[in-house]
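Here the structure is a predicted model, which is why all the values come from computation and not from measurement. Proteins come first, then strands; the chains are lettered A, B, ... in the order of their sequence lines, and each starts at number 1.
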Amino acid sequence: MKTVWTRMLHVSAAGSLMAAAVGCGASAPSAAPSHHKTTAQSTAAHPTVVTLWDSHAAVNQQGHAIQRIISTFNRTHPTIRVEQTVTPASAKALAAVQAGDPPVMAEIGHLPQYAYERAGALANLHGFIYGPNGFPSSQLKGIWPAVWAAEHTPNHQQYLFPVDIKVAEFFYTATLWKKAGLTAPPTTWSQLQHDAAVLQAKTGAIGLGARLDHNDWLPLFYSNGGTYYHGSHLALNTPAMATTIQQLITRDNAPYTKVLSYNTSFEDFAAGKLGILENTADGYEMVREDVGGKFPVGVFPVPPGTTGHTAVLYQGLSFVIFKSATPAQQQAAWTFIKYFDAPAQQAVWSTVGGEPPISQADVAAVQQMAGSQYTANPGPYAGTRVAIQELQSGHVIHKILGPAQTEVDTVIQDQIQSAIAHKESVSTALANMESQALAYLSGNAAQ
Amino acid sequence: MAQIEWDHVSKWFGPVAAVHNISLVARDHEFLVLLGPSGCGKTTTLRMAAGLEDPTSGRLLLGERDVTHVEPRDRDLAMVFQNYALYPHMTVYDNLAFGLKLRKTSPQAVRRAVEDAAARLGLESLLARRPRELSGGQRQRVALGRAMVRQPQAFLMDEPLSNLDATLRAETRVQLKALHAQLATTIVYVTHDQVEAMTLATRIVVMNGGVIQQVGTPDAIYDRPVNQFVAHFIGTPGMNMLPVLWGRVDGALAAIVGSQRLPLPPGLPWMRAAESAVSHAATVGVRPEHLRVAAAPETGTPSLKARIRLVEPMGHETLVHLDLDPDLTLVARTPDRWPHSNIPVWVSFDPRHLHVFDPVSQVAYEAV
Amino acid sequence: MVETVPSQPSPPPVAIGPRAPVRRRSFNLGWALVLPALAFLALFTYLPAVLVAAISLFQWNLAGFSSSHWVGLQHYAQLLNPISGFLQSLTVTAYYVGMMVPLSIALGLGLAWLVKNRGPRLTAWETFTRSAVFLPYITPAIATSIIWIFIFNPQFGLANAVLSALHLPALGWLTSTTWALPAVMINNLWHNVGFMVILFLAALSNVPQDVVEAAWMDGANGAVAFWHIIRPHLSPVMLLAVILGTIQAMQTFGSIYQMTGGQFGGGGGPLNSTTTTAIYLYKSAFVYFHYGYGAAVGVVLFLVMLGVALAQKKIGERHTFYR
Amino acid sequence: MTNTAARPSGRLVRRWARFALMAVVAAAFLLPFYWALVLSVATRANVFTMPPDLVPSWDFISWARVFTLAPWGLYFLHSVIITGATIIAVLVTGVLAGYALAEVPFRGREVVMGVLLAGLMVPPEAILIPNYVVAYHLHLLNSLAGQVVPFGANVFAVFLFRQFFKTLPVELWDASRMDGARWWQYLRHIAVPLARPVVMTVTLLTFVAQWSQFQWPLIITQGNGARPVEVALSYLQGFDGSHWRELAAASLLTLAPIFVVFLLTQRHLISSVAGRAQI
């Protein structure tokens, strides 16, 4: 407990110094002061309130990070007050639009943007990004391409601006690792499975904690050369998917593998009973907090598939501004987005919250804030560093955008799991997923 | 001015007339008793005065004021219910005070009125209790008190003593009479108990079948019942009724009772009516207390031969059941003791105590 | 005795009852008094009961009929398509209800028998045990389900601790498609059985003690007395317990939602193994925002529940004594 | 028959066995609450252990942290307002309708009774979506009122009050009229005070139902504006399920009012629930 708090204190001190020294200069274009002046006169007593809905509860490190950034922002921007509401924003903000009571801005996933777009709820960010108070082009250019692509609808409208980038990676318990006589992290899937088996045999702990969601199978599928959506038709019944399913059957039915779900991902690991845990970068700080310094937590990236390279899935959350907000509120919300995605704040976000930064241009600030510890693995920033490496690899994918995406993903996952559970053969699973997914896409099925 | 007037009032419950075309006045300061058997409409009559029932037709007047469609709260009358209807969740004090509080009386005035009524009824020590902690008599006094505190124009009482035991009822009866004298207010009082009616009433209204049979002072009702119903209903035991045929014995009018002839002295008030009656039949009534029983016939008064069937000794008096003929029976109340039954006796009476009723209309001849 | 009864004239047309509190206006007053209750119910029971059928025929948009798209019976066709998962949700529901009702009745009756007062008064122990069994029933399902999530944690939960103490293999519970629903059942059994206990306690106290004693005098042992004397007395309550238990089980939502990852897509996992119709309806309408389709699910649910209730009533009437 | 001497001792054994069984049952039913308490005051080291640690270590840090995780005061305030307002609404509508159905003859009374009973047949699950649609059009989404109005009238409460008012002697109404009371004064001063057990029953049942309300508030609340404790608790578990100690503390926090009410009104509460089943 104590170590976490002290570390946070150090980081926050460093963060505010950074903000003073580097951040402001970089993030405040020449227009900003005048903007502040004109509004300060009239609104000093009543700052523009920007309600922000997001799902980062103060229960974890990400929540702490976002709260810190918000409070610093509110202190340095007296004309604006950002008020955070912790809520499952992706689903709830749309319901709030329907209820006629939406916030000014929110963090939502990039899949739900279809429903929001259909509801006509979101403000188009193009004008903000490229306008006079726009996003610095140096950073804009550095935004990870796949991330940037995912923030656009197929007809190139942009309602989203990235903030919370999740990429998959594996954590390992360094003490168990050492006990099992392992030295280097695995670089292939077979190595990974071998290491998990060894871990389990030598230490008695569970070898591998695998995930049960699309975070898991989708990157594997792509690293095996798969891609399931071409324009309007599906390509699921393919050798790449067959390979993927076979791999998953082998892995998940192996005695050293334990399939984890929503509620149980961290407990085993935090208790030191799990050798390797599949998770995402943002989970690193959360796991470390749960571990509480009992043992060092190491990180390694997702191994490559049959294509010879890995496929890193970008999923995560993006800022949106709601159309229903007043122009002043929208402007203030944009000011906050710009602030949040500036290098100084991205450094806080990455070091405290464990998220990789949105842009290559932010990496330097992250490194600087992390200091000498940046390269240590196990080390406090290993999760972020590995995530940055993955993003820099260029093999980043994002979830294919489509109106029935959630349903299709559910179909694929259900079929994969049925095959894993030996309820049906791989070929049946492949045929079923293709036909059922098509049914959803054509609107013949609904859920 | 606390006169209550029923003006051609009727009350129907569905197809049944509970009260039929009643016209009646309860005069100021009067203790008017509505008397009759159960179901005779006396309670409905009272409740219409209270405003608890709407008359189906007719008018109700309070003094000069037509209150037919006025809510009870605007009539300024108070009522004592048979079951008292005390509010179970309120203390005696609150029970008494409730009506005053609803009328927005000042708290001090409420306290004064409640304490005054409590003092009169001896309820001071019970004010903090709830009804279920009180005896029957105490509850009855609270019910009275609740009616008194408001000092209404008139009291309406619906068999207020019927739930008390005999001793308490007798005591309370006396208190009630004293109270009436003291308050000098109109009281309309419903009972089926003729003793209560006789002892309390200024005037009695005898009702039956939703219709008023007779209105009069207790003495008038007792002495001059207008019909057979009233004659029989008043008095315990009720008046003896004998079917007779009129005949003449030595030129004088005589009644033929069964197999016996009863010569009557001339000059009795009903004789002219009896003689002019179309029929030669009538019903003759005589109260048990007016019969004398003797071993030998009395001289100078009409006597009838009888046989003692049954004797009910009451201590201070004796009820003697007599057979005249197999189907003709009489009851006599005598101060004498008759220890034996089944002995022949003579029954005699003062012919002035005879009541004669038309056999068809059952109306008394003297009332015609 | 003859009385002077005047002949009764024919009654007038209007008669007001003896309890009419306000003369002449009682008609309006009565309606005025029931109006608030009826208004609430009209808005959130009667109108929706009609509306649900209408909405199910549209691709519903919250703005109203004019902006909704008529699809006719298409949603019902989709319900019958196995891909939609609705039929599977019915199977899951049937399994859940089919297990929960007999289990909760058996356990409820057993516990009621256990805590039934033997003497004329309740002992402190009986009161305490009754309270302990009843308490979960009134607790909010979310709060207690969170505790049960801990209990069913495969690695650190009490459930597996008990199993390992009994030398049984550990189970995956909520992460297992086989054991997730039983885990939910155990939670709900614990949560709801207190209600059954109360129900049966009332019924047991109505069994005439002298009849039971007479049976004992006739040489019947406990089991015989129970079967021949007590059970017939319980049958009306048994019917009630079956109906109420079924309704309760079919409407279970909070505990399933919370225990099976509702915050991550509406619950019902893993692999839809706990997707009851209640969860399915919720997900259709409030995760995927297919209001019209969800309404169709609601209509079917309505009919199924009505059918189940009527069937149970019919069967119950045939087998119920001492009604 | 043969062992008449052994009989009393056999009975004694049975009695003790029953007591032991009752103790086990009580312990089993209370165990989840107890374990939640233990977890909420556990030290970090005592949470993820196998076998689970069942001895409390009385470390209250997670209780302190719970209050920094979410604005519980606000959520409790919402829940209290929702529950309180619903209780008042159910009582008012129940008293008025129950009185009318018991004592006020009016044309259509039988129809109203039938309509009310029919309402009981509608499963709330089945009409979830139209309820949402109605709430949307009444602008009740994301509001406290939206969590009260759908529950503002309860058929069961109406019938309870009706049954009770029917048992009141007519004389009380007559007497109060003579005392000058109007119908509402009779209701307020006589009938409702006498109906205190019914008021209590309705209050308790409504309290329990509303405090536990989950699906409806989950659907209609979005931000913090009207979120009740149960929904907040559900989210908290969703955001990070591995914080067992804080979650246990938060769960107990939302259970606390139920515990208090249960301890205070145990007997009445149990008989209310029993009565609820009989309708």
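- Separation of atoms OG1 (D:T93) and CG (C:L35) is listed at 11.5 Å; rounding is to 0.5 Å.
- The shortest side-chain heavy-atom distance between D:L128 and C:F286 falls under the 4.5 Å cut-off.
- Put simply, the side chain of D:V104 does not reach to within 4.5 Å of the side chain of C:W31, judged on heavy atoms.
- Neither the backbone nor the side chain of D:L187 has a heavy atom closer than 4.5 Å to any heavy atom of chain C.
- Surrounding CZ of C:R118 are more than 12 heavy atoms belonging to other residues, nucleotides or ligands, all under 6.0 Å away.
- Considering OG of C:S131 and CG of D:L263, their distance stands at 8.5 Å, rounded to 0.5 Å.
- Between chain C and the residues D:L247, D:I219, D:V112, the largest count of heavy-atom pairs under 4.5 Å involves D:I219.
- Of the listed residues (C:L114, C:I147, C:V300), the greatest number of heavy-atom pairs within a distance under 4.5 Å of chain D belongs to C:L114.
- What you find for C:Y257 and D:S234 is that their closest heavy atoms are CE2-OG, 3.6 Å.
- Side chain of D:Y99 to backbone of C:V34: no donor-acceptor contact under 3.5 angstrom is found.
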Side-chain donor/acceptor pairs under 3.5 Å, residues 189-199 of chain C, sequence neighbours excluded:
| residue | atom | partner | partner atom | Å |
| --- | --- | --- | --- | --- |
| C:W190 | NE1 | D:F29 | O | 2.9 |
| C:H191 | NE2 | C:P136 | O | 3.1 |
| C:H191 | NE2 | C:T139 | O | 2.7 |
| C:H191 | NE2 | C:T139 | OG1 | 3.3 |

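- Heavy atoms of C:Y46 lying under 4.5 Å from chain D belong exclusively to its side chain.
- For the atom pair CD (D:Q215) and CG (C:L281), the distance works out to 7.5 Å, reported to the nearest 0.5 Å.
- Among D:P51, D:P150, D:A28, D:A250, the residue with the largest count of heavy-atom pairs under 4.5 Å with chain C is D:P150.
- The aromatic ring centres of C:F44 and D:F151 sit 6.0 Å or more apart.
- Interface residue D:A23: backbone and side-chain heavy atoms are both found under 4.5 Å from chain C.
- Residue C:F134 touches chain D through its side chain alone, counting heavy-atom pairs closer than 4.5 Å.
- Within the 4.5 angstrom heavy-atom criterion, atoms from both the backbone and the side chain of C:E126 approach chain D.
- For a residue to count as touching a neighbouring chain, one of its non-hydrogen atoms must lie under 4.5 Å from one of that chain's; by this rule D:L218 touches chain C with the side chain only.
- Here the shortest heavy-atom pairing between C:I55 and D:P130 reads CD1-CA, 4.0 Å.
- In this structure the side chain of C:L301 never reaches within 4.5 angstrom of the side chain of D:P123, judged on heavy atoms.
- Looking only at side-chain heavy atoms (C-beta outward), C:F40 and D:N154 stay at 4.5 Å or farther from each other.
- In this structure, CG in D:L21 is found 9.0 Å from OG1 in C:T129, a value given to the nearest 0.5 Å.
- Heavy-atom pairs under 4.5 Å with chain D peak, among C:L158, C:T127, C:V52, at C:L158.
- Residue D:L236 does not touch chain C at all, counting heavy-atom pairs closer than 4.5 Å.
- Under the 4.5 Å side-chain criterion, counting only non-hydrogen atoms from C-beta, D:V25 is not in contact with C:V115.
- Residues C:P48 and D:Y132 fail the side-chain proximity criterion, which asks for heavy atoms closer than 4.5 Å.
- Contact count against chain C (heavy-atom pairs under 4.5 Å) is highest for D:L96 among D:V261, D:L96, D:L30.
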Exercise. Run the side chain to side chain contact (heavy atoms under 4.5 Å, CB included) check on C:L62 and D:H137 step by step: do they pass?
Worked result: CA-CA 8 Å; C:L62 273 184; D:H137 286 284; 5.8 Å; no
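- Rounded to the nearest 0.5 Å, atoms OG (D:S251) and CD1 (C:I146) are 4.0 Å apart.
- Heavy-atom distances place both the backbone and the side chain of D:L116 under 4.5 Å from chain C.
- With a 4.5 Å cut-off on non-hydrogen atoms, C:L111 touches chain D through its side chain but not through its backbone.
- Heavy-atom distances place both the backbone and the side chain of D:A135 under 4.5 Å from chain C.
- Residues D:F48 and C:F156 come closest through the heavy atom pair C-CD2, 3.5 Å.
- Heavy-atom distances place the side chain of C:L38, and not its backbone, under 4.5 Å from chain D.
- Interface check for chain C: of the options D:L101, D:V95, D:V115, D:V92, the most heavy-atom pairs under 4.5 Å are formed by D:V115.
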Exercise. Taking it one step at a time, do D:I129 and C:W60 satisfy side chain to side chain contact (heavy atoms under 4.5 Å, CB included)?
Worked result: CA-CA 10 Å; D:I129 291 157; C:W60 186 260; 5.8 Å; no
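- Only the side chain of C:L47 comes within less than 4.5 Å of a heavy atom in chain D; its backbone stays farther off.
- A heavy-atom distance below 4.5 Å is not found between the side chains of C:M305 and D:M121.
- Pairing each heavy atom of C:A278 with each of D:E125, the nearest pair is CB-OE1, 3.8 Å.
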For this session: Using the side chain to side chain contact (heavy atoms under 4.5 Å, CB included) rule, take C:L33 and D:F106 through it: C-alpha gap first, then chi angles, then the decisive distance, then the call.
Result: CA-CA 11 Å; C:L33 289 175; D:F106 60 96; over 6 Å; no
For this session: Determine, step by step, whether D:F262 and C:I138 satisfy the side chain to side chain contact (heavy atoms under 4.5 Å, CB included) criterion, reporting the C-alpha distance in whole Å, the side-chain angles of both residues, the deciding distance to 0.1 Å, and the verdict.
Result: CA-CA 9 Å; D:F262 180 70; C:I138 56 164; 3.6 Å; yes
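- With a 4.5 Å cut-off on non-hydrogen atoms, C:L303 does not touch chain D at all.
- For chain C, the nearby part of D:F19 is the side chain; its heavy atoms alone come within less than 4.5 Å.
- Residue D:T49 touches chain C through its backbone alone, counting heavy-atom pairs closer than 4.5 Å.
- Both the backbone and the side chain of C:F302 come within contact range of chain D, each with at least one heavy atom under 4.5 Å from a heavy atom of that chain.
- Atom CH2 in D:W35 sits 6.5 Å away from atom CD1 in C:I151 (nearest 0.5 Å).
- For D:P124, the parts lying under 4.5 angstrom from a heavy atom of chain C are both the backbone and the side chain.
- In this structure, the side chains of C:F150 and D:P52 stay at 4.5 Å or more apart for every pair of heavy atoms.
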